[in-house]
Each structure stands twice: as C-alpha cells, then as structure tokens.
Amino acid sequence: MIYHNMNEVRVRFAPSPTGPLHIGGVRTALYNYLFAKKNSGTFILRIEDTDQARFVEGAEEYIMEALEWCGIIVDEGIREGGNFGPYRQSDRKAIYRQYADTLIDKGDAYYAFDTPEKLETLRRESEKAGKTFIYNAEERVSLINSVSLKEAEWREKLDKGEPYVIRYKMPYNEDIHFDDIIRGQIVVNTGTLDDKVLFKSDGMPTYHLANIVDDHLMKISHVIRGEEWLPSLPLHILLYRSFGWDPPLFAHLPLLLKPDGKGKLSKRDGDKMGFPVFPLFWPYGETSKGYREDGYYPDAFINMLALLGWNPGTEQELFSMDELINSFSIDRVGKSGSRFDPEKAKWFNHQYLQTKTNTQIAIEFREFLRARGYHGDIIRLESLIGMVKERVSFVKDIWEQSDFFFKAPEIYDQEVVKKRWKEDSSRLLMELRTLLEEATDFSVSATEPVIKAWIEKNGYNTGEIMNAFRLVIVGALRGPHIFDIISWIGKDETLKRIDAGVALLSK
RNA sequence: GGUCCAUUCGUCUAGUGGUUAGGACGUCAGGUUUUCAUCCUGUUAACAGGGGUUCGAUUCCCCUAUGGACUACCA
C-alpha cells in the first residue's frame, strides 16, 4: 500500500518526560516501531520536554530503558544519534523562534499580551454564563494583542519587554478537511477552534509548534499517535499549510480502557486490581511496579500489547517481534478503544513460559530461591521445573507449586486429615516406610512398581494409601506425581517426613 | 456546555448486502491426573436502540442513546 509520495518511511515516538511511560504509550511506540520496520523505515525517539514545569527527573532514562526492555530498537535518538538531531526539544530551543516569526511575518500568527490570570477570569465568567470562552477571531479583537492594538502600541510593549505569547491566527469560518489513516475523512470548522499559543512567554514553543517544526525537519512521513491528539489535528494541518509544507500522513490510535467500569486505563486501576500499568518499576516519588518486576517476559508483554487494538486478520495469536513486524499493517488497527484484560495478559505469559527451556527457567528460579535463603543445584532445579512448569504462568509462581520440595510440611491440611486419615493409616504408612527404606534405587521407575505391587498383593485401598502418603509428604492434596516428589527429595527426607507425619497425625 | 471520535459474546476481536455471525481469554460441564494444577473435549454468550435505502440489512445512510477524547502560556 502506498501512503505518501515520500519514499522513505520515517516515524517517531515523541513522549514527554513527565513520569513513567504508561502501557498505552508503550503500545504507541510499538505500533510506530512495527510500522517502521515493516516498511524498511526509521524509528525515531524524540523527547518532548518543552514544558519545564512538568519535567521529571529520571523519566527520560526510564523511557529509553523501557523501550530497550521491550525490544523496541531506536534508530535515531538521544543515545543513538542521527542526522536530524538534536532529539531532545529543549536542546532545539534555538530552532523554534524563527518559525514563529515566519508565521507572524505571513500574518498567520500574532503577539498576545493577555495575562494568564485575565484569561482565567474570562473563562470562568463565560462558564458561569453557560458559554465557552474561545480565544478566536471574534474575541481577539477585544483582547490585548497585535491584532487589536495599533502597531505603535504593541511595538512599544515589545520594546518595554512585556511578557507575551505568540498565537496562531485561526481562520474565521472555514471547513478544514483532512484524512486519518484509521478513521478516514474528518471535517472540522475553524469557528470552533481557538487561537492556540505557539510560543510561550518563557521562550519555549508549545507542543503544537515544536511538533510540527520537528516533524518537518526530521522528515517524518507518518505520525502515529494517541487519539487524544485528534482534536488538535486541524490546527496541525493548518500549520503545515501556513508554512507551505507537505504534511505527513496521520494515524490516531484508539485508547486503552480500564478493565471494568468507565474511562481510560489509569494507575489506580492497576493498583486496585493488582496488575501493573507501567512496563518497569518506577522508583521515584509515587513508586509503581512494572511488568518486568511482576515476572512478565518482554516478548509476552509485547505480544499482548500488540493485539490490543490490532489484529492480523488470521487466527494466529502468538507472535515474536519479527512475526509482528512481518504481519503488521496499520489498516488493521481498530477504531474503538480496547479494554485491558489482565487475565489475558497472564495467559500470554503462560504461553511464553512454556516455550522456555527448563535450564532458562531454572536459572531464573534459582535467583528467586536465593532471595528466600534456599540453594538450588541447577541440575536438580531443572528436573523440578520439568515437573511444575506447565502449572504456572510466572517464575515466581513456581514457589507455591514446589515449596514442599524444599521443606517438610509444617502444617497438615485439616480438611484432608479429617477426610483421608483413617484408623489404619499409620500402620499402612509404616509398612510403606519399610519398603522404601529397603529400596536401593529411589528413582520413580524403581519405587513405584514396588509400592503398587505391595498394595495389590495385600488388597489395600490405593486411594487411601496414596492420599495419606501425599499428606505426610506434601501436607496437602496437591503437587506433581508423588513418586516424582519423593525421588527428588530423596530417601532420607522421605522417611523423615513419614515419621513426622505419622507421629503427629496418629495422636 | 461545545467540537470531534467510537459502538459485534463479560473481555480482545474476525466477518459479510443473503453466514448455523468465526476464533481467543474468561465462565461452566465432562475427560485425563487415584491429589491439585496443567492439558483435552464440549458448553456458554454478541451485531446498542429507532428510523430509512433495499427483494433482503449486523453490514449502507440518518437520528437517539451510551462511552471516550479534547476544550491550558500540559503534552
């Protein structure tokens, strides 16, 4: 599909370093990345830090680290360099002023001297009157700016150093037609738009100016961004027109919604329902856990995120990054917001965990054990992983499936004791103990036939014995095949647990 | 309030002017496992409502409802 006359695809992810990157932001980055790679293009990371007041220490590093963890590789950016730098807007400060001036010279922008307080008052008054204050063609003539003032007057203000902003002079009553790749054609009348500030009194451009200038200068071919930008698209189209530049193509992505109730996904939802909303742990200020720390594999996380709002049109659900790149098409991104489903996220991780080798998982689990003061020989852990791997979705869940491998039961499930511990259980287990004690080979293939033969020969009840046996070994009716367990813990430990269990339960 | 965007099972979604409206997650039920979990099989459940257009609309158009975004010298 041909999108544009530009032959090179160049896209950018342009977050503001105001805190940890939300998973919605990660998805925007991902779609940009997939689109770039699919079309042999370039993926650019541009930091939009024009708001000095909202800058948060560490956020920029967080963004880069998060993308790296996700496997999203930046082609051009602060760390990577590139021919279109700098890639941080605060480092580009000197660039923007001339473009604002160009607009003033063309008559498409003007100086405005109204104080924020004054505007705030006007807005409040309008609201009280049930109207919306819009700084537009109708209002600007009665406000303080270079449109309403005589040239000598506003020049004098400028010369005296009065604070001012530069506003875009929104056309009076014009229908602006534009296209969005995802939503098709949209028409907006400029009468409902306001004269947006392009250049702030602190000498920095606003998002709108910096964004258009940078996208043009960086030769961005496609702007793929969140739906929250759709309302300002007409302004952006107008800016391109005023500058006489060809606009890029636009695609506005639907939002990520909260799992239940209304509204978009927020940190609170994650806290409330126990799932992360950020890719990585955020250590500053109000801390937040991340998908990485929760035990998600990056490829599972990315796979899950990719399918939230996009689908390949086939029934395939599991995709490596390369497969995603191969299958991705922006035409198949949906129009409506997607509710985030934490259950499905877990399912993805389960799928990915199953594809890891026992060795890989054993190495991860050994770290987990170390933090709890247990040692794990890697060979033994591999065999343990083989027994419990398919039961879990996360490495951290292995512990609750296997704690009894590492320590004898401290308590016995009372429900089970009541139901399964019979009069003769002690006697039977002591017989069983004798057989096991005599065993020279404690492997499953050696112990299991012996025990089963013994049960059959004596006409015992298999269920009664096996349940009682499991109770003294595990402490409850759960876990893998019982002969696998005793083989793993070994003869000494097995006999000890039988003794301890019988001693306690036969009272 | 205004502007714009959206609306298929509980959730993510496929899909077509005539289909038994498909898949996945979840739910539930069986089976496997003499345990639990996994796994397998099956089940469940949807075109927001109302008008048009049409021989026929879930599909095209309009209205309503609902949801969402935006409405800053924030991005």
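Numbers restart at 1 for each chain; the letters A, B, ... are given by sequence-line order, proteins then strands.
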Measure from CG on A/Asp397 to P on B/rU38 and round the result to the nearest Å. 12 Å
Kindly say whether, by distance alone, the side chain of A/Lys196 makes a donor-acceptor pair under 3.5 Å with the base of B/rA72? no
In whole angstroms, the gap separating C1' of B/rC73 from CG of A/Asp195 amounts to 14 Å
Is there a donor and acceptor pair closer than 3.5 Å between the side chain of A/Arg54 and the base of B/rC74? yes
Taking atom C1' in both B/rG31 and B/rG68, compute the distance separating them and give it to the nearest angstrom. 45 Å
Here the distance between atom C1' of B/rC12 and atom CZ of A/Arg339, to the nearest Å, is 11 Å
Mind checking the C1' distance from B/rA21 to B/rU64? Whole angstroms is fine. 26 Å
Counting only side-chain N and O atoms of A/Arg123, is one of them less than 4.0 Å from OP1 or OP2 of B/rA72? yes
Give me the distance, rounded to whole Å, that separates B/rG1 from B/rU54 when you measure between the P atoms they each carry. 37 Å
Where the side chain of A/Glu317 is concerned, which of B/rA37, B/rA24, B/rU35 is the nearest nucleotide? B/rA24
Same-atom distance (C1') from B/rC62 to B/rC25, integer angstrom: 37 Å
Between B/rA57 and B/rG51, how far is it from one C1' atom to the other, in whole Å? 13 Å
Ignoring hydrogens and angles, state whether a donor on the side chain of A/Asn145 or A/Arg140 is under 3.5 Å from an acceptor on the partner side chain. no
Should A/Asn311 be listed as having a side-chain N or O under 4.0 Å from OP1 or OP2 of B/rA14? yes
Could you work out the separation of B/rA69 and B/rG10 based on their P atoms and round it to a whole Å? 23 Å
Side-chain donor-acceptor pair present, A/Tyr164, A/Ser146, cut-off under 3.5 Å: no
Between B/rC36 and B/rC28, how far is it from one P atom to the other, in whole Å? 16 Å
Integer-rounded Å distance: B/rU11 P and A/Leu255 CG: 17 Å
Protein-nucleotide distance (A/Leu265, atom CG; B/rG68, atom C1'), rounded to Å: 14 Å
Say you pick atom P in B/rA72 and the same atom in B/rU53; how far apart are they, in whole Å? 44 Å
Relative to the 5' end of RNA chain B, which residue comes earlier, A/Val165 or A/Gln354, by the nucleotide with the nearest heavy atom? A/Gln354
Send over the distance from A/Arg332 CZ to B/rA14 P, rounded to a whole Å. 6 Å
Compute whether any side-chain donor of one residue and acceptor of the other, for A/His252 and A/Arg225, lie under 3.5 angstrom apart. yes
Are the side chain of A/Glu323 and the backbone N or O of A/Ser320 linked by a donor-acceptor pair below 3.5 Å? yes
Could you tell me whether A/Lys157 sits above the aromatic face of A/Phe113, with NZ or CZ closer than 6.0 angstrom to the six-membered ring centre and within 45 degrees of the axis? yes
RNA chain B: 5'-proximal contact among A/Pro231 and A/Thr192 (nearest heavy atom): A/Thr192
Report yes or no: is there a donor-acceptor pair, N or O only, under 3.5 Å between the side chain of A/Ser338 and the base of B/rC12? no
Answer yes if the side chains of A/Gln89 and A/Tyr207 hold a donor-acceptor pair under 3.5 Å, and no otherwise. no
Measure NZ/A/Lys128 against C1'/B/rG1 and give the value in whole Å, please. 16 Å
Could you tell me how far apart A/Leu198 (CG) and B/rA75 (C1') are, to the nearest whole angstrom? 15 Å
